[in-house]
Every structure is written in C-alpha cells, then in structure tokens.
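Heads up, the thing below is written out as structure tokens.
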Amino acid sequence: MSATDLAQAACEPCQGIGGTLPADEARALMAGLHPDWTMDDEAKSIQRTFKVKGFAKAVYLANLAAYNADRDGHHPDVAFGWGYCRITFTSHELDGLTKNDFICAAKLDKLVA
C-alpha cells in the first residue's frame, strides 16, 4: 500500500481479535511509511524518533500523536524529552503488528510533513 492509501484508511477495532501480520507483509507495508520508521527484529513494533528543537516542540508532537491516536482508537507508546519525541506502534492486545499500526504511522507522517 502507498503512503496515501495508508493515510486514508481507517483503523479497525481489534479488541484482541484477529492475528498479527507476518514479517514479510509488515516489511512490505514499511515501504508506505517515511524512511525514518524502523521495525524491530521480531516484526512486533515500528518506531520513529523525531528530532525537534527544545522541549516544548517535543511535547507538542507527543500531544499531536496522542490526539491522532485517540481519533483512530489505536494508541502508540510515546516517549519524549528535550529535543526528541519517539513514537512506537504495536497492537498491544495481539502482541505484534497489524495494519492499524501502519495506518496510524502513515497518518502521523502526513500530519508532520
């Protein structure tokens, strides 16, 4: 899927139902994200660290990610401090990656572009 397709898609409620993506499918979806996203070795999470100037901009980005996640009902782990904001997506209830993780990452990419 392209970045545009992912960013326009809607998350589906998982509530612990369904399965995670096989590693090869997850790697294929990575192509639709900004190149700064990385996937862990087990294909269970994707992460992007944003470099920003100062603390306030890190907080603003964390809030933007939280707002976007609430709208979609799919919540990342967010870590931030002076000069950075790190966003990690995984489908917690399923202990791995689903299409929702890539959709939310693409939507965040579009917001910060």
Side-chain angles (χ1 to χ4, degrees):
M1 289 186 92
S2 73
T4 302
D5 292 338
L6 284 169
Q8 291 178 350
C11 287
E12 297 178 14
C14 66
Q15 301 172 337
I17 300 168
T20 57
L21 293 172
D24 59 331
E25 284 183 44
R27 278 190 279 283
L29 287 172
M30 288 292 291
L33 301 179
H34 188 280
D36 286 347
W37 286 97
T38 60
M39 186 169 51
D40 71 336
D41 291 338
E42 290 104 24
K44 288 189 171 194
S45 68
I46 57 174
Q47 182 177 96
R48 182 175 175 187
T49 301
F50 296 86
K51 305 267 188 217
V52 296
K53 293 188 179 194
F55 183 74
K57 288 188 180 180
V59 172
Y60 302 154
L61 185 53
N63 285 332
L64 178 66
Y67 173 77
N68 196 51
D70 247 10
R71 261 192 348 202
D72 287 323
H74 192 71
H75 303 93
D77 293 328
V78 179
F80 63 92
W82 195 95
Y84 78 95
C85 181
R86 184 173 44 254
I87 309 295
T88 304
F89 280 105
T90 187
S91 293
H92 293 97
E93 292 175 338
L94 298 173
D95 191 32
L97 289 167
T98 65
K99 192 172 175 186
N100 287 348
D101 298 301
F102 293 92
I103 290 169
C104 290
K107 287 182 178 185
L108 185 59
D109 284 347
K110 186 176 178 181
L111 287 172
V112 299

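Computed from a prediction, not measured in an experiment: that's the story for all the values here.
The side chain to side chain contact (heavy atoms under 4.5 Å, CB included) test with Cys104 singles out one residue from Asp72, Ile87, Asp109, and that residue is Asp72.
Inter-residue side-chain proximity for Arg86 and Arg48 is flagged as unmet; no heavy-atom pair is nearer than 4.5 Å. In this structure the side chain of Phe80 reaches within 4.5 angstrom of the side chain of Val59, judged on heavy atoms. Side-chain contact check for Asp36 versus Thr49: every heavy-atom pair is 4.5 Å or farther apart. When side chains are defined from C-beta on, His75 does not count as touching Phe89, because their heavy atoms never get closer than 4.5 Å. Leu29 places a side-chain heavy atom less than 4.5 Å from the side chain of Leu21. No side-chain heavy atom of Thr20 sits under 4.5 Å from any side-chain heavy atom of Asp95.
The two residues Ala69 and Pro76 come nearest to each other via the heavy atoms CB-CD, 3.4 Å. Between Ala105 and Trp37, the shortest heavy-atom distance links the atoms CB-CZ2, 3.5 Å. When all heavy atoms of Gly19 and Thr98 are compared, the closest pair comes out as O-CG2, 3.9 Å.
Between Leu97 atom CG and Met30 atom CE the span is 9.0 Å, to the nearest 0.5 Å.
Side chain to side chain, Thr90 and Ser45 fail the donor-acceptor criterion of an N or O pair below 3.5 Å. Counted by atom type alone, Ser91 and Asp101 present one or more donor-acceptor pairs between their side chains at under 3.5 Å.
Under a hydrophobic-cluster definition in which Ile, Leu, Val, Met, Phe, Trp and Tyr are linked whenever side-chain heavy atoms come within less than 4.5 Å, directly or via other members, Ile46 and Leu111 are assigned to the same cluster.
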